[in-house]
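Residue numbering restarts at 1 for every chain, and letters A, B, ... go by the order of the sequence lines.
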There are 2 protein chains.
Amino acid sequence: MKLGEGVEAAIHCTMVLATLGPGETLPAAAMAEAYGISPSYLLKHLKTLVAEGLLESVPGPNGGYRLARASDRITLLDVVLAVEGRAPAFRCMEIRQGGPVKLPKAVYAKPCGVNAAMLKAERAYRAALAETSIADIVADFNAEADPRAVEAVCAFAERYRRPQG
Amino acid sequence: MKLGEGVEAAIHCTMVLATLGPGETLPAAAMAEAYGISPSYLLKHLKTLVAEGLLESVPGPNGGYRLARASDRITLLDVVLAVEGRAPAFRCMEIRQGGPVKLPKAVYAKPCGVNAAMLKAERAYRAALAETSIADIVADFNAEADPRAVEAVCAFAERYRRPQG
DNA sequence: GATTATCTACTCGGATAGATTATGTCCGAGTAACTGTGG
DNA sequence: CCACAGTTACTCGGACATAATCTATCCGAGTAGATAATC
């Protein structure tokens, strides 16, 4: 039960991309510098987000990344699943069938109760993540965070944003 | 976002230990054989469960493991946290502070909104796990599962159980 | 001076090493039961 | 026949290899813009 470090980066990058105007892009190198992380490694995760349909990439000079759809239609769940994979955290290996005594397959027709309980909990987890959109997080940040932090993010986006794409 | 394979084994072992009478124990080797997993590796996880206070171990001949408290007071959350650790799955690295522009620490006094949202989801996950006790899972298994599977588990426990401890 | 072909520089994308964690295994410490002996 | 000491075999506990995964990096493909030659 441990999420990769790239999830945090992916969420923050998605947030800052949400502050851009329509069509504007931001290069990966700028975001990597802004958060003090490896550009190559961030690129790896951004690539995944593009493949998952959350972001769009524009190659060439003045290229960069932008959201593939409005920020209020991208949830934290979308980002987490894109980076970590859609497979459930608990993967039932059916060890209940692993013993030496082999019963007919029909005995195990009903799904394992343990698996059911674990998946139920994971549904609750995902539902909670799905309740919060990137737009919500950004709005909360702008409203609640220290004005200097908000100003710093705006200045950063203003400096590195690329028009149109 | 991925749980170790040992979680499933730990839950199933806890369940079968819950079917024993008071004071009775079951050796690790028996459970490993019943589920077709490595005895040494299972022992590793059982050891952890003992250290976490969920199980008790009895050394020597006729030794084994038993629950440290009643099965209706052991939840799935207890087992998962014992095996996977109590640390949250999402660990905020504060990359928002990682950039080249250094703002006063007071700016970051309020916790990161991303972290808050992720931890909220994880609280929902843990709450769902805490709702289900091992006794619940066992009762559901006895009521819903195929009678042949129930019989197999009973026969197994009957064969390997050790009196008293 | 306008147009066009070329060239350059900058971007993302995929394939490639290193580090950390999870998985799987082995041997040693400790204890209860068994065995043989003596009373 | 009973008590007792020694031995044995079986259990868990901790330290040690192996495999998988996450982290980090480098080089290549592609494109927009700048440049310079040409009409």
Under 4.0 angstrom, heavy atoms only, what part of the nucleic acid is B/Ala29 near: base, sugar-phosphate, or nothing?
nothing
Without decimals, in angstroms, what is the distance between B/Asn62 CG and C/dC34 C1'?
12 Å
For B/Gly60 and for B/Arg91, find the nucleotide of DNA chain D with the closest heavy atom, then tell me which residue's nucleotide is more 5'.
B/Gly60
Please give, in whole Å, the distance from D/dC22 P to A/Leu3 CG?
10 Å
Could you state the CD-C1' distance from B/Glu5 to D/dT21, rounded to the nearest angstrom?
14 Å
Would you mind reading off the distance between A/Tyr65 atom OH and C/dT11 atom C1', rounded to a whole angstrom?
9 Å
To the nearest angstrom, how far is A/Glu8 atom CD from D/dT23 atom C1'?
15 Å
Check this for me, if you would: do B/Arg126 and B/Asp78 make a salt bridge, where the nitrogen-to-carboxylate-oxygen distance has to be below 4.0 angstrom?
no
Compare side-chain N and O positions of A/Arg162 against OP1 and OP2 of C/dC10 and report whether any pair is under 4.0 Å apart.
no
List, by chain and then residue number, the residues other than B/Val107 in its hydrophobic cluster (Ile/Leu/Val/Met/Phe/Trp/Tyr, side-chain heavy atoms under 4.5 Å); write none if there are no others.
B/Leu103, B/Tyr108
Contact check, side chains of A/Val80 and B/Met118, non-hydrogen atoms, under 4.5 Å
yes
What nucleotide, of D/dA32, D/dC10, D/dC12, holds the atom closest to the side chain of B/Pro27?
D/dC12
Are A/Val50 and A/Leu26 linked, directly or through intermediate hydrophobic residues, by side-chain heavy-atom contacts shorter than 4.5 Å (ILVMFWY only)?
yes
Rounded to whole Å, CG of B/Leu26 lies from C1' of D/dT11 at a distance of 13 Å
Given atom CE of B/Met1 and atom P of C/dA22, what is their separation to the nearest angstrom?
14 Å
In whole angstroms, how far is the P atom of C/dT20 from the NZ atom of B/Lys2?
18 Å
Should A/Glu24 and A/Arg66 be marked as a side chain to side chain contact (heavy atoms under 4.5 Å, CB included) after you check the CA-CA gap, both sets of side-chain angles, and the distance that decides it?
CA-CA 7 Å; A/Glu24 289 182 343; A/Arg66 65 187 167 206; over 6 Å; no
Strictly below 4.0 Å: does A/Ser57 bring a side-chain N or O up to OP1 or OP2 of C/dG13?
yes
Any chance you could lay out the side chain to side chain donor-acceptor pair (under 3.5 Å) test for A/Tyr35 and B/Gln97, step after step, and finish with the verdict?
CA-CA 7 Å; A/Tyr35 294 122; B/Gln97 302 183 33; over 6 Å; no
Check DNA chain C against residues 35-49 of chain B and give the residues with a non-hydrogen atom under 4.0 Å, in numerical order.
B/Ser38, B/Ser40, B/Tyr41, B/Lys44
Look at A/Glu122 together with A/Lys120 and state whether they make a salt bridge at an N to O cut-off of under 4.0 Å.
no
